[in-house]
Number of protein chains: 2
Amino acid sequence: MVAQRANVSRVAVSRAFNPHASLKPAKRELILRIAQELNYTPDRAARALVSGRSHLVGVIVPDVCSHWESQEIDALTTALQAEGFATLLFKTRIDYSMDEQLLAYMRGFNPDSVIAFVENVKPATLARFLDRAVPIYVHYPRSGAPEESQAGPLHDRLNVLHRTGVEQAVSLLQGYGVRRIAYVSGVDKSRANTAREHMLRVVMAERGLAPPIIAASDFSYDRAYAATLDLFRVGEGADAIFAANDVGAFGVIDALRHELNLRVPEDVKVVGFDDIAQSHWKSYNLTTVKFDLEERVRALVRLILRRLNNPDAPALEETLNTRLVVRGTVG
Amino acid sequence: MVAQRANVSRVAVSRAFNPHASLKPAKRELILRIAQELNYTPDRAARALVSGRSHLVGVIVPDVCSHWESQEIDALTTALQAEGFATLLFKTRIDYSMDEQLLAYMRGFNPDSVIAFVENVKPATLARFLDRAVPIYVHYPRSGAPEESQAGPLHDRLNVLHRTGVEQAVSLLQGYGVRRIAYVSGVDKSRANTAREHMLRVVMAERGLAPPIIAASDFSYDRAYAATLDLFRVGEGADAIFAANDVGAFGVIDALRHELNLRVPEDVKVVGFDDIAQSHWKSYNLTTVKFDLEERVRALVRLILRRLNNPDAPALEETLNTRLVVRGTVG
DNA sequence: TTGTATGCGTTATCAT
DNA sequence: ATGATAACGCATACAA
């Protein structure tokens, strides 16, 4: 800032960097040129102090290297960066809970918005720790259409509709004459897991199929692998297996092929959830219920920007659908 | 801050949150209790403005979902968080270059330190955009021992020694009578790639082996897959393949098994670099040159803290070694 | 130990 | 269109 004085006075510099401020074009150009020569950038901390906008978006995640999460963080960071925001990463414990200490810690950085890849934290808890920021919740409506918004602290919602993709998957399996379907679950109480299990149950019932056999797992490769062994060695086995996510499906496939000597898809068919980038790798080539990542990130960014442009708006919503991607593990 | 006035005066609150400030323990306790009740946290933006420390560590990465990167970011975030820092994520273009626009953008956030997962940016360029922050460079000494620090702008160094792991791998392969060894490369000019190729070349020469056949790739699954097909269909094939990273090795393995109908390890042996978490998955079960992630992150954090505690110190260094992890793709 | 005063770099308000 | 001044929330030097 001091450096600029060599040329003009002080607030002009501020205006030069704010496109909507009134300043003579020639002067603005001059200032920006000199700023570049001097490697000057406005200090965002100071700007945040007076404007109340940090241009920071907090992302809370239990495990950055989970495939889905890392891919979403990647796309999100790209999209946010294009809008002038930066991603602030926080790790919570692996058990999908959220401790208040972390929230207080994050609060100090004053994020403009917060996206939590964590499920069992109540809106009330989150709201208590966020002043201006309105949390975004991922919601899984049980029926086909979004439900009424309920009461409670203000929060925005991203609705993800599982029905379409699950219907397509069950229909496909049914076409192959599958009878016994198992579900290798995700983390027990997680919302994604319960939503997926519930939708599977509903769709199977509608189509006259017996309820799925539940094999408890936690979204990880290793536990899905072990759960599959149990299913066939201790339990009754299955003709087809839904895994709560793609990584779990990889564990299922490897257990079937490399430990149980069963063929996929001839002996057992496997369907995942997510459609992460690895799902097309030849060793798996997984048929899976796709959640479109790009679409999802765009929806999130829209929510953030709409909220920031209109802090007092009532609850905002965006809705996403799913669909089946057919590859080689069903057939 | 205003809220605290209900109880005591103003600066006492500031002191209460700075452990080394002098304040009567009882008063500090009282203030902290009330702060918690009122959900008060000191504003880091304001703190940064006066103290010159943002407690932000910038991480620049071309692709968050690369396996190694995501795992390193994960561990790094955990470690930094424990020290009171937060990870600020920036995405650069995928071509491993670094544009100055991004650097200027990042500079505005005033990170205390910057870790760049980007290779072809010169220290001089980086230094120009960082005021206080001293960049950390990952360096791959060509001999066994760290080299002399060269001149140029001040930067700290993390030395990674490839020799040990590569020697173990080549020795193992030689024991199996391997003759023709290929190297499926990483991104052409990247430092990690050239270091790995060079060390492989040196070690093989020392052991009387012909130079490796080079198959050009870019660290990705897909290009490694294609490069392997070329190697066997157009080129002369190989008895053993080094891939520049584990993900590339997965592509190599899948191409060999699923497209070329070759057995791994019976027909072709495969060795990767990194030892990412997926390398123990049964479909790959990869023998690989391990870079210990935890150790690496600890070294990085040490470098950051040492530099922050002593901003004017001369160039700092940490050194890491590698070793071979033997699994199922050599044997 | 504790309070008062000052300044960090920026934007907003009010003036010109 | 441009400049002066206050204010944002905090830490620090100094005084008490």
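Proteins get letters first, then strands, A, B, ... in listed order; numbering begins at 1 in each.
The salt bridge (charged side-chain N to carboxylate O under 4.0 Å, His left out) contacts involving residues 14-23 of chain A comprise nothing, where partners must be two or more places apart or lie in separate chains. Each side-chain hydrogen bond (donor to acceptor under 3.5 Å, both in side chains) pair with one or both residues in residues 301-311 of chain B, not counting sequence neighbours, appears once here: Asp156(B)-Arg307(B), Arg302(B)-Glu318(B), Arg306(B)-Glu318(B). Under the side-chain hydrogen bond (donor to acceptor under 3.5 Å, both in side chains) criterion, the residue pairs touching residues 28-50 of chain A are Arg33(A)-Glu37(A), Thr41(A)-Arg107(B), Asp43(A)-Asn110(B), with sequence neighbours excluded.
Tyr105(A) places a side-chain N or O within 3.5 Å of a backbone atom of Gly84(B) that can act as its donor or acceptor partner. One N or O on the side chain of Gln71(A) and one on the backbone of Ala277(A) form a donor-acceptor pair closer than 3.5 Å. Side-chain N or O atoms of Asp74(B) include one that pairs as donor or acceptor with a backbone N or O of Val64(A) at under 3.5 Å.
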Nucleic acid footprint by protein, nucleotides 1-7 of chain D - heavy-atom cut-off 4.0 Å, B for base, S for sugar-phosphate alone: SBB-B--

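Partners of Ala48(A) under the side-chain contact (heavy atoms from CB on, under 4.5 Å) rule, at least two apart in sequence or in another chain, are Ser54(A), Ala45(B). Considering only residues two or more places apart in sequence or on other chains, Gln101(A) meets the side-chain contact (heavy atoms from CB on, under 4.5 Å) condition with Asp99(A). Take Phe129(B) and apply the ring pair (Phe, Tyr, Trp, His ring centres under 6.0 Å) test, not counting sequence neighbours, and it matches no residue. A search for side-chain contact (heavy atoms from CB on, under 4.5 Å) contacts involving Thr77(B) returns Leu89(A), Lys91(A), Ile73(B), Gln81(B), Thr87(B), not counting sequence neighbours.
Side-chain atoms of Leu56(B) and Phe85(B), non-hydrogen and from C-beta on, never get closer than 4.5 Å to each other.
Within residues 36-49 of chain B, the residues having any heavy atom under 4.0 Å from DNA chain C are, by residue number, Leu49(B).
The terminal axes of the helix from dT1(C)-dA16(D) to dT16(C)-dA1(D), fitted over 5 pairs per end, subtend an angle of 30° to the nearest 10°.
For DNA chain C, the span of nucleotides reached by chain A at under 4.0 Å from its heavy atoms goes, 5' to 3', from dG9(C) to dA12(C).
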Please tabulate, one pair per line, all N/O donor-acceptor pairs under 3.5 Å involving side-chain atoms of residues 20-27 of chain A, not counting sequence neighbours.
none

